[in-house]
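All chains are named by letter (A, B, ...) in the order of the sequence lines, taking the proteins before the strands, and each is independently numbered beginning at 1.
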Amino acid sequence: MNTKTNTSSGCEACPVHLPGNLLKRGVDMENWDFVVALAGNPNTGKSTVFNALTGLRQHTGNWPGKTVARAEGGFEYGGKRYKLVDLPGTYSLLSTSEDEEIARDFLLFGRPDVTVVVVDASGLERNLNLALQVMEITDRVVICLNLMDEARRHGLKVDDRRLARDLGVLAIPTSARYGEGLDELVGAIEEVATGKVVCKPYRIEYLSGALKTAVTQLAAEVEARFPGLPNSRWVALRLLDGDARMRKVVQSGELGELARQVDIQMDIVGEPA
Amino acid sequence: MTRTPGADVLATATAMRWEFGGNLHEQLVEAIYADAARIAERAVTRPDQKPRFDLDRTIDRVVTSRILGFPIMLLALSVVLWLTVIGSNIPSDLIFALLVDTIYPFLKQIAAEVGLAPWIGGILIDGVYLATAWVVSVMLPPMAIFFPLFTLLEDFGYLPRVAFNLDRAFKKAGAHGKQSLSMAMGFGCNAAGVMSTRIIDSPRERLIAIITNNFALCNGRWPTQIVIAIIFVGALVPGYLAGAAVALAVMGTAVLGVLLTLLVSWALSRSVLKGEVSTFSLELPPYRPPRILQTLYTSVIDRTLHVLWRALIFAAPAGAVIWLISNVTFGGTSVAEYMINFLDPFGLLLGLNGVILVAYIVAIPANEIVIPTILMLTVLVSGLTGVGEGAGVMFQLNSEAATGAILRAGGWTLLTAISMMIFVLIHNPCSTTIFTTYKVTGSKRWTTVTALLPLFMGFLITFFVAQIWRLVIG
């Protein structure tokens, strides 16, 4: 078994290892090429990652629920401009509290080009609950395996490669507080944004028997009604769960707008080579 | 009937929902948890040896224990306040010596030499400059020491433990346990505290949290409390005890604020905002070694300079207003004197005086400038003409003694100081907080309640304190 987990000691030929062209743009978000959302459980260091990439100094606290509304900033990398949106920290996207709604609505309607899920490497299991839910909504996910320093302190070894393989998306180990792994993270964001890397995200196997048939059938109907929707299965599940907001956007056809816009966006970005 | 675009999809979904009933949500959550657990299990290897001594858990057992939790909280707060009081003396004196004893007479001299019209010099130098100089010398040192210390506690991860300790009390008061978090945010800034009540789902409990957030002493009011306590409480006890006495007085006010938060929450949840208490789980984040340099930087830039800048922006025009109302006269009496004389009887009923009430009216935009405003008004109105004539005798004293001398000349007593500290804690929120409340609640009615309830309570409490004080102590 390959137990080498530390990518930062990797070879210099790797494209991820050409750091140095990160340009922190602070609140300057003019003419962005890509939108990057930053999701994660509370207190995993999202705001620290946000500050490190944008050069802003949004106050970070060792404090769950610190970011209540969205914070936005910009950075430039590899000649492309990115708008970074720091979402409120949430444990799931399934309930109805306001912070969860802000996060979910942005992922669904804000159509970020890349969603970085910041997870706490020292509490992986709890954090993956959210990551799996995000991966139901969008394919273009990068896992930021943050707080590696804390995981080490607790004597944990986290195999980021195995995690990346199991999840089907890039997983980058970082210690954002000490600036470790951020170059690799920006590289991964670029690769997913520009389509150099295509994610094949793991989909939750929560369905059994009759329910599976029902979800598949309803998802097909959603797809027929709103062609091009990237997450019809998730929409179907939310409808079955009686999600009032989801019912509203299906009812009004807003969801269709969403699907069309996603299509246009896919044209601009182009198919991965 | 016209069918909306997604109506048929919704019809199918509704039909299916009959079939699967209520346990779909649980099934979904269980499946997600199971998958997350399986994937995490494969990626994480734990060392074979038994878990070593867990420092975090051990600290948590102590700081959140039923017996030691509260004493440790009070001790931590007193130490922070004591360090602030002890540490701010010397820089305060230095800044005061520079800005008021040296630059101020220099500016007056220049104004005299270039033949500046007296009223322009008055507005600019006696008004705008002196007000801002006072804000800097009185407010900057306590802020520059208090905020970094407070931020270090926050970064270390102590504040969630405070919230954890208070959670039981909030539940008993019929409020949401998360209100302890929004209150802790309020200790930084009430507008942020009100904003953070979004983490509370139930509208009833959120309103309780919004209305009572003002009882948490904010950034703007901590330094005011510290300054009043230094001048009056500190002067009463022997020098070596002064620091401790001041810290205790300020902490007493903060604790009074927490008690009022609980009391008002209790009263609201049993009267106009009745309802069930929701439960939630509060995660205690791991302790993290605070990053001292970064904390110093952010707390100096984000908090100290931010608060100071806000104070200066409001102090400059307020200084001009103060100078104008003190110097525009009708029949030999200035506008300020008319106002002060008019409000004096009412102020005295509350243990305060007319000057303080006028200062509150002038300082409505920002609580931070109340103390400098009071000083300016006292100097300009009470015939302490030393200021107007250049460097007067009293400015050769150090700044706190000078401030104390001005206030005592203005008729201040210990009762005035205590009433003032209570009133600083309990009065209407600042304009930013009121505006935020309106944005968050979307209700004019609840915004009005949030603004006026504490003001009314402040009048009531200071009134009773003053009456009882005069009966007992005289």
Can you name the closest pair of heavy atoms from [X] and [Y] and give their distance?
X      : Y      : answer
B:D8   : A:E221 : O-OE1, 3.8 Å
A:L128 : B:A40  : CD1-N, 3.8 Å
A:Y202 : B:D35  : OH-OD2, 2.9 Å

Looking only at heavy atoms and a cut-off of under 4.5 Å, which of B:V29, B:T14, B:V44 has the most pairs with chain A?
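Max contact count across the listed options: B:V44.
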
B:F435 atom CZ, neighbour heavy-atom count above 12 within 6.0 Å =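 Not buried by this count: 12 neighbours or fewer within 6.0 Å.
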
Criterion side-chain contact (heavy atoms from CB on, under 4.5 Å) against B:V9, the qualifying member of A:Q251, A:R225, A:E223:
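The side-chain contact (heavy atoms from CB on, under 4.5 Å) with B:V9 is passed solely by A:R225 among A:Q251, A:R225, A:E223.
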
| message | At a 4.5 Å cut-off on heavy atoms, which part of A:R177 comes close to chain B: side chain, backbone, both, or neither? | response |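 Its backbone and side chain both get close to chain B.
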
Measuring from [X]:[atom1] to [Y]:[atom2], what's the distance to the nearest 0.5 Å?
X      : Y      : atom1 : atom2 : value
B:R42  : A:R165 : CZ    : CZ    : 8.0 Å
A:L163 : B:I39  : CG    : CD1   : 7.5 Å
B:E41  : A:D166 : CD    : CG    : 11.5 Å

Worksheet item: Tell me, do A:L94 and B:I32 make a side-chain contact under 4.5 Å, heavy atoms counted?
Response: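 Yes, their side chains come closer than 4.5 Å.
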
Hey, are the side chains of A:L239 and B:L10 touching, using non-hydrogen atoms and a 4.5 Å cut-off?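 They are in side-chain contact.
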
Look at A:L218, A:N127, A:V222 and state which one has the largest set of heavy-atom pairs under 4.5 Å with chain B.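 Top option by heavy-atom pairs under 4.5 Å: A:L218.
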
